[in-house]
Protein chains: 2
Amino acid sequence: MTNKSHDHEKAYRLFFGSLANKNRLEIINILRKGKKCVSEICQETGFEQTMVSHNLKRLETCGMVFVEQEGKHRYYSVNQETIKPLLEMIDGHMKKYCCKIVGECKKR
Amino acid sequence: MTNKSHDHEKAYRLFFGSLANKNRLEIINILRKGKKCVSEICQETGFEQTMVSHNLKRLETCGMVFVEQEGKHRYYSVNQETIKPLLEMIDGHMKKYCCKIVGECKKR
DNA sequence: GCATCATATGACTAATAAATCACATGACCA
DNA sequence: TGGTCATGTGATTTATTAGTCATATGATGC
């Protein structure tokens, strides 16, 4: 296939992979409640700063969160236009299928 | 935290992880175009049957696809109610951010 | 310009997930 | 009931990803 479709596929993979991770999931769920800077996220989660930064970068790369500098702090917030409704929609799906998923996993 | 919230988190992780993979992404995009059985998917993609089955199982576990038996064949189809609109919404996000994502990746 | 606080980055190791291989099951028909 | 076609499953190997450590950058105030 062309390079373009390869890039395209890679971007999708990166996008989904961004939330296929316990820590990033926790971070984005905190940000859903409102804008936060790195150190606030560290405090709220107990995570290491470097790990939080790495993960925020990934979320930012994928267009899931935006960042703005305020003095020495950098405030992160979820993309309200696309990601907020998307996450809500996924919550809807999960309301229906979460039990099933958990159940199937436990079988193994 | 409780077991319940742990399960919850695990289900989300599994859900997102399901599409964070080149092959499953290709499979679900084929299914978006219509119901297909395993061997048809193999033909269209050139993938091994066992790999396709493993991946379909994962998609099915997450409620992304449904399966129905027809003779010796098993036909898989995307969940029209929740997953179809979800994928369309993500396509919308990607239309805006795909270039950014690809770009950021290439820097490294 | 230097100290310090907040955050980012790169390289490496550790953890996780995916593909493959060998085999099992299940439907159908002779 | 035995053969074969379609698909599923478990175990192992291989590949990918994430977290950590050490260090860099960047803003602020003295």
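Chain letters run A, B, ... following the sequence lines, proteins first and then strands; every chain starts at 1.
- Note on residues 69-78 of chain B: no pairs pass salt bridge (charged side-chain N to carboxylate O under 4.0 Å, His left out), not counting sequence neighbours.
- Judged by distance alone, with hydrogens and angles left aside, A/Gln49 brings a side-chain donor or acceptor within reach of the base of C/dA8, the pair sitting under 3.5 Å.
- Within the helix from C/dG1-D/dC30 to C/dA30-D/dT1, the inter-axis angle between the opening and closing five-pair segments is 30°, rounded to 10°.
- Contact annotation for A/Ser39: backbone-only contact, meaning every heavy-atom pair under 4.0 Å involves sugar-phosphate atoms and none involves a base.
- Between B/Lys96 and B/Asp91 there is no salt bridge, since no side-chain nitrogen of the basic residue lies less than 4.0 Å from a carboxylate oxygen of the acidic one.
- Side-chain atoms of A/Gln43 and A/Ser39 include no donor-acceptor pair closer than 3.5 Å.
- Checking the phosphate oxygens (OP1, OP2) of D/dA6, no side-chain nitrogen or oxygen of B/Arg74 falls inside 4.0 Å.
- Distance check, rounded to the nearest 0.5 Å: NZ of A/Lys35 to OH of A/Tyr76 gives 13.0 Å.
- One can place NZ of B/Lys72 at 11 Å from P of D/dT4, the figure rounded to the nearest angstrom.
- At whole-Å resolution of the value, CD in B/Gln69 and P in C/dT25 are 16 Å apart.
- A salt bridge is absent between A/Glu104 and B/Arg58: the closest approach of a Lys/Arg side-chain nitrogen to an acidic carboxylate oxygen does not fall below 4.0 angstrom.
- Rounded to whole Å, the distance from NE2 on B/His73 to P on D/dT4 is 17 Å.
- Regarding contacts with the backbone of D/dG8, every side-chain N or O of B/Lys57 stays at 4.0 angstrom or more from both OP1 and OP2.
- In this structure, the side-chain contact (heavy atoms from CB on, under 4.5 Å) partners of B/His8, at least two apart in sequence or on a different chain, are A/Cys98, B/Tyr12.
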Check: Can you list the steps and then say if B/Glu40 with B/Tyr75 is a side chain to side chain contact (heavy atoms under 4.5 Å, CB included)?
Finding: CA-CA 9 Å; B/Glu40 285 172 330; B/Tyr75 281 85; 3.6 Å; yes
Between the protein and nucleotides 14-21 of chain D, list the N/O to N/O atom pairs that are separated by less than 3.5 angstrom.
residue	atom	partner	partner atom	Å
D/dA18	OP1	A/Arg24	NH2	2.2
D/dA18	OP2	A/Arg58	NH1	3.2
D/dA18	O3'	A/Asn21	ND2	3.4
D/dG19	OP1	A/Asn23	ND2	2.2
D/dG19	OP2	A/Asn55	ND2	3.4
D/dT20	O4	A/His54	NE2	3.3

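- When heavy atoms are screened at a 4.0 angstrom cut-off, A/Tyr76 is found touching the sugar-phosphate backbone but no base atom.
- Remark: P of C/dT7 and NZ of A/Lys36 are 13 Å apart, rounded to the nearest angstrom.
- B/Glu68 places its CD atom 16 Å from the C1' atom of C/dA27, with the value rounded to the nearest Å.
- Partners of B/Glu26 by salt bridge (charged side-chain N to carboxylate O under 4.0 Å, His left out), not counting sequence neighbours: none found.
- Taking B/Phe47 as the reference, nothing meets the ring pair (Phe, Tyr, Trp, His ring centres under 6.0 Å) condition, with sequence neighbours excluded.
- Rounded to whole angstrom, the span from the CG atom of A/Leu56 across to the C1' atom of C/dT9 amounts to 14 Å.
- As rounded to whole Å, 18 Å separates atom C1' of C/dT16 from atom CZ of B/Phe16.
- Between the OH atom of B/Tyr75 and the P atom of D/dT7 there is a distance of 8 Å, given to the nearest Å.
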